[in-house]
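We name chains A, B, ... by the order of the sequence lines, and we start the count at 1 in each one.
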2 protein chains.
Amino acid sequence: MNNAGGRRRPPTIHDVAREAGVSRGTVSRVLNGGHYVSPPALEAVNAAIRKTGYVVNRHARSLITGRSDSVGFLLTEPQERFFEDPNFNVLLRGCTQALAAHDIPLLLMLAGTEDERRRIKRFITAGHLDGVLLVTSHSADPVAEELHKAGVPVVQCGKPMRSGSKVSYVAADDRDGARDMVRHLLSLGRRRIGIVTGPLDSPGGVDRLAGYKEVLAEAGVGIDERLVVSGDYSRAAGEAGAERLLAQAPDLDAVFVASDLMALGALTALRRAGRRIPEDVAVGGFDDSIAATEATPPLTTIRQPYDRISAEMVRVLLAQLGGEDPAAVILPTELVRREST
Amino acid sequence: MNNAGGRRRPPTIHDVAREAGVSRGTVSRVLNGGHYVSPPALEAVNAAIRKTGYVVNRHARSLITGRSDSVGFLLTEPQERFFEDPNFNVLLRGCTQALAAHDIPLLLMLAGTEDERRRIKRFITAGHLDGVLLVTSHSADPVAEELHKAGVPVVQCGKPMRSGSKVSYVAADDRDGARDMVRHLLSLGRRRIGIVTGPLDSPGGVDRLAGYKEVLAEAGVGIDERLVVSGDYSRAAGEAGAERLLAQAPDLDAVFVASDLMALGALTALRRAGRRIPEDVAVGGFDDSIAATEATPPLTTIRQPYDRISAEMVRVLLAQLGGEDPAAVILPTELVRREST
DNA sequence: GACCGTTCTGGGATCGTGCACAGAAAAGTC
DNA sequence: GACTTTTCTGTGCACGATCCCAGAACGGTC
């Protein structure tokens with residue numbers, strides 16, 4: 001068994017066939033489900049596989065089947081922000097593990113520059129991948145639509161902006177999450193509730209704002225546009241947003257910030273203005289990333305089920321590879337109470 | 001050019017040959033470097049490639065060459081900690097981009113459970129990968145050695161524990177970084193300098209401690225074992241470590257904490273004990289992760305050049321694929337002064 | 001026994017490349 | 001011009017699997 005220094009030629013299906021005393025065809029059938037194989041042949045082949053340590057050559061298989069049995073995980077701009085977002089890690093890990101359970105390798109592709117985008121699109125449309133899991137914070141990104149048009153199965157993380165799109169997606173229920181948070185703030189007796197929204201050219205930004213307005217209207221609390229500002233999910237934007245709110249509506253007693261990272265910035269700004277959290281101003285975040293638990297005080301937030309999102313993305317993609325139609329999945333969120341409210 | 005709804009058969013080398021009026025062999029030669037091809041033939045082939053939109057079928061190529069032209073990025077346990085470490089992201093992104101420049105896809109493999117480890121080892125040794133970039137916080141991990149013995153080119157991130165190993169690695173100069181930090185603390189007039197080391201079964205832990213002791217000895221400051229405690233790089237360990245130091249040596253005036261994450265915990269513990277940072281106790285970290293800049297006060301730390309580390313890992317691996325011998329690369333660190341010292 | 005349908009098996013064709021080889025064409029040498 | 005060397009080209013084969021098809025083996029029915 002000494003094999004140091006170089007790789008030996010791996011056993012092929014032919015070696016297994018010879019060892020088992022059957023033909024290649026029979027071995028191939030065993031490998032692909034075992035239909036139309038007699039019990040003794042099945043056992044002989046399995047024994048031969050164990051004995052030889054045979055592993056299928058995926059390249060040879062792909063060449064004839066036309067499938068690659070691998071999936072791409074595509075992250076499009078803006079990398080800096082997203083890549084440092086802990087939520088991204090959870091997604092990537094979840095997808096990798098869900099695919100591993102099906103023995104499907106994941107190819108990581110980062111499209112930062114325009115040049116990289118072209119390269120990657122070329123790679124994908126060349127048929128090197130069976131499907132693509134797409135993550136982009138900018139949901140207006142046309143790449144999902146382009147790949148879909150080229151016949152490549154795609155599942156996007158987060159709702160796409162264009163509503164007519166037939167691209168599969170998996171997302172958390174932004175609107176409902178926002179409703180829960182605002183109801184929670186109302187239940188604490190707060191009435192001057194500000195909001196720092198996400199970018200309003202993305203469904204995440206729009207839907208969370210819609211939920212906010214909906215609940216306030218329901219409760220008979222009027223909507224004061226001075227209580228509404230927007231940011232881009234970054235920490236700095238949260239800080240600036242809170243400052244703007246304080247200037248426009250100094251009497252606010254709560255803020256719903258549309259991401260935990262922005263909430264961190266908001267905490268800084270509010271504290272600097274001398275407001276106590278949560279006594280003077282209650283602060284609610286969105287995401288439930290680790291940032292939320294490590295903040296001081298720990299953030300009340302809306303949990304996005306990233307582990308389930310990744311699992312669903314893989315499930316939907318594999319279903320599509322199996323011939324099913326594109327699907328949209330919306331997963332429920334959950335209010336997580338901590339000390340900031 | 002309408003191709004909605006399904007993939008069309010991609011053009012093959014044969015289509016290109018027919019289009020260019022040459023044979024398959026000539027096209028193949030153009031694809032692989034263009035040697036022994038006449039100028040007119042070269043141009044005709046290139047034109048045909050552009051016209052047909054031809055992209056090489058990697059599976060067919062791999063089948064005949066025996067190479068896969070793809071590389072694995074393997075992360076072994078313990079995932080939870082490492083995966084949430086922002087440094088990991090920087091490594092992963094750096095490797096992906098460096099490989100993309102050579103048109104080499106990266107396959108992400110996470111080995112959490114023992115079952116996953118077996119699966120992945122099987123996958124790799126089956127020849128589905130040309131080489132492996134290995135990241136593990138536990139440097140005693142035998143997987144590097146195993147893969148190496150199986151003839152798979154490996155480059156490890158961080159120095160391996162076993163010194164006799166012939167596995168390539170790329171690491172920052174831990175010892176020198178520690179020396180710089182301790183010299184810096186000495187230059188501030190501090191003499192009672194504590195240390196929270198990393199795990200002492202890893203070179204990172206051992207070497208940083210060695211640097212610490214070396215500089216103190218050089219400076220004629222004795223080594224007080226009450227000033228030395230160790231942790232596991234986690235935030236909680238930093239907090240506990242600082243508490244132990246405060247109990248064992250209440251007169252300390254500086255702490256060198258062997259990771260930024262631990263330093264965050266140490267800040268909490270020191271502040272709770274009423275020590276002002278940096279007036280009473282100066283705190284130095286290690287890594288220069290984003291945690292360092294976001295801490296209050298921002299941490300003085302030793303910068304590990306993760307972007308260069310990832311680039312070197314890829315360079316060394318590709319060199320090895322090209323037939324060169326395994327290599328060890330140690331990169332210089334840099335002191336980053338901020339407000340915690 | 002003749003016939004049928006189902007289960008099971010083996011071998012040839014095939015996927016799209018790279019490589020070895022043979023031979024043509026061009027270039028250099030005496 | 002005859003010869004060698006170098007450059008250039010096309011063809012057959014191989015890589016390792018799946019797929020298809022023909023036909024054998026089996027069991028049941030009339």
Side-chain angles (χ1 to χ4, degrees), chain A residues 7-46 48-49 52-70 103 105 123 125-130, chain B residues 7-46 48-49 52-70 103 123 125-130 321:
Chain A
R7 279 194 234 194
R8 89 171 40 173
R9 191 182 72 80
T12 72
I13 205 173
H14 188 259
D15 299 325
V16 174
R18 194 153 29 84
E19 177 70 34
V22 298
S23 72
R24 293 165 11 242
T26 301
V27 177
S28 176
R29 275 184 290 265
V30 171
L31 257 33
N32 299 28
H35 303 301
Y36 290 99
V37 176
S38 68
L42 182 73
E43 194 172 340
V45 170
N46 278 327
I49 288 176
T52 54
Y54 170 79
V55 178
V56 65
N57 182 319
R58 304 173 82 100
H59 301 304
R61 172 180 284 173
S62 293
L63 183 54
I64 183 79
T65 61
R67 287 174 289 122
S68 71
D69 293 313
S70 58
D103 254 308
F123 182 88
T125 50
H128 295 317
L129 253 32
D130 291 347
Chain B
R7 279 194 235 194
R8 89 169 42 171
R9 192 183 71 83
T12 72
I13 205 174
H14 187 261
D15 299 324
V16 175
R18 194 154 29 83
E19 176 72 32
V22 298
S23 73
R24 294 167 10 242
T26 300
V27 177
S28 177
R29 274 184 290 266
V30 171
L31 256 33
N32 299 15
H35 303 301
Y36 291 102
V37 176
S38 67
L42 182 73
E43 193 172 341
V45 170
N46 279 328
I49 288 177
T52 56
Y54 170 79
V55 178
V56 65
N57 182 321
R58 303 175 82 101
H59 300 303
R61 172 181 283 174
S62 293
L63 183 56
I64 184 78
T65 62
R67 289 175 288 119
S68 71
D69 294 313
S70 59
D103 254 308
F123 182 87
T125 51
H128 294 317
L129 252 34
D130 291 346
L321 296 186

Worksheet item: Which residue, B:Ile64 or B:Val37, contacts DNA chain D at a nucleotide closer to its 5' end, judged by nearest heavy atom?
Response: B:Val37

Worksheet entry | side-chain N/O B:Tyr36 vs C:dA24 OP1/OP2, d < 4.0 Å | no

Worksheet item: OP1 or OP2 of C:dG18 sitting under 4.0 Å from any side-chain N/O of B:Ser28?
Response: yes

Practice prompt. Can you check whether any acceptor in the base of C:dG12 is under 3.5 Å from a donor in the side chain of A:Arg24, or vice versa?
Written response: yes

Item to complete: Return no unless some side-chain N or O of B:Ser23 is found under 4.0 Å from OP1 or OP2 of D:dG10.
Response: yes

Worksheet entry | C:dT17 phosphate, OP1 or OP2, under 4.0 Å from B:Ser62 side-chain N/O | no

Discussion item. To the nearest 0.5 Å, what is the distance between CZ on A:Arg18 and CZ on A:Arg24?
Written reply: 12.5 Å

Item to complete: Could you tell me whether the side chain of A:Arg58 and the main chain of A:Asp69 form a donor-acceptor pair under 3.5 Å?
Response: yes

Discussion item. Just to be sure I understand the rule, does A:Arg29 reach a base, reach only the sugar-phosphate, or reach nothing, if contact means heavy atoms closer than 4.0 Å?
Written reply: base

Fill in: Atom pair distance, as rounded to whole Å: CG in A:Asp15 and C1' in D:dA17
13 Å

Worksheet item: Does a side-chain N or O from B:Asn32 land closer than 4.0 Å to OP1 or OP2 of C:dG18, or not?
Response: yes

Practice prompt. Between A:Arg61 and B:Thr26, name the one whose nearest nucleotide on DNA chain D is closer to the 5' end.
Written response: B:Thr26

Worksheet item: Which word best sums up how the rings of B:His59 and A:His59 line up, parallel for under 30°, tilted for 30 to 60°, or perpendicular for over 60°?
Response: tilted

Practice prompt. Give, for atom CG of A:Asp15 and atom OG1 of A:Thr12, the distance between the pair rounded to the nearest 0.5 Å.
Written response: 4.0 Å

Worksheet entry | Residue closer to the 5' end of DNA chain C, B:Gly25 versus B:Ala60 (nearest nucleotide) | B:Ala60

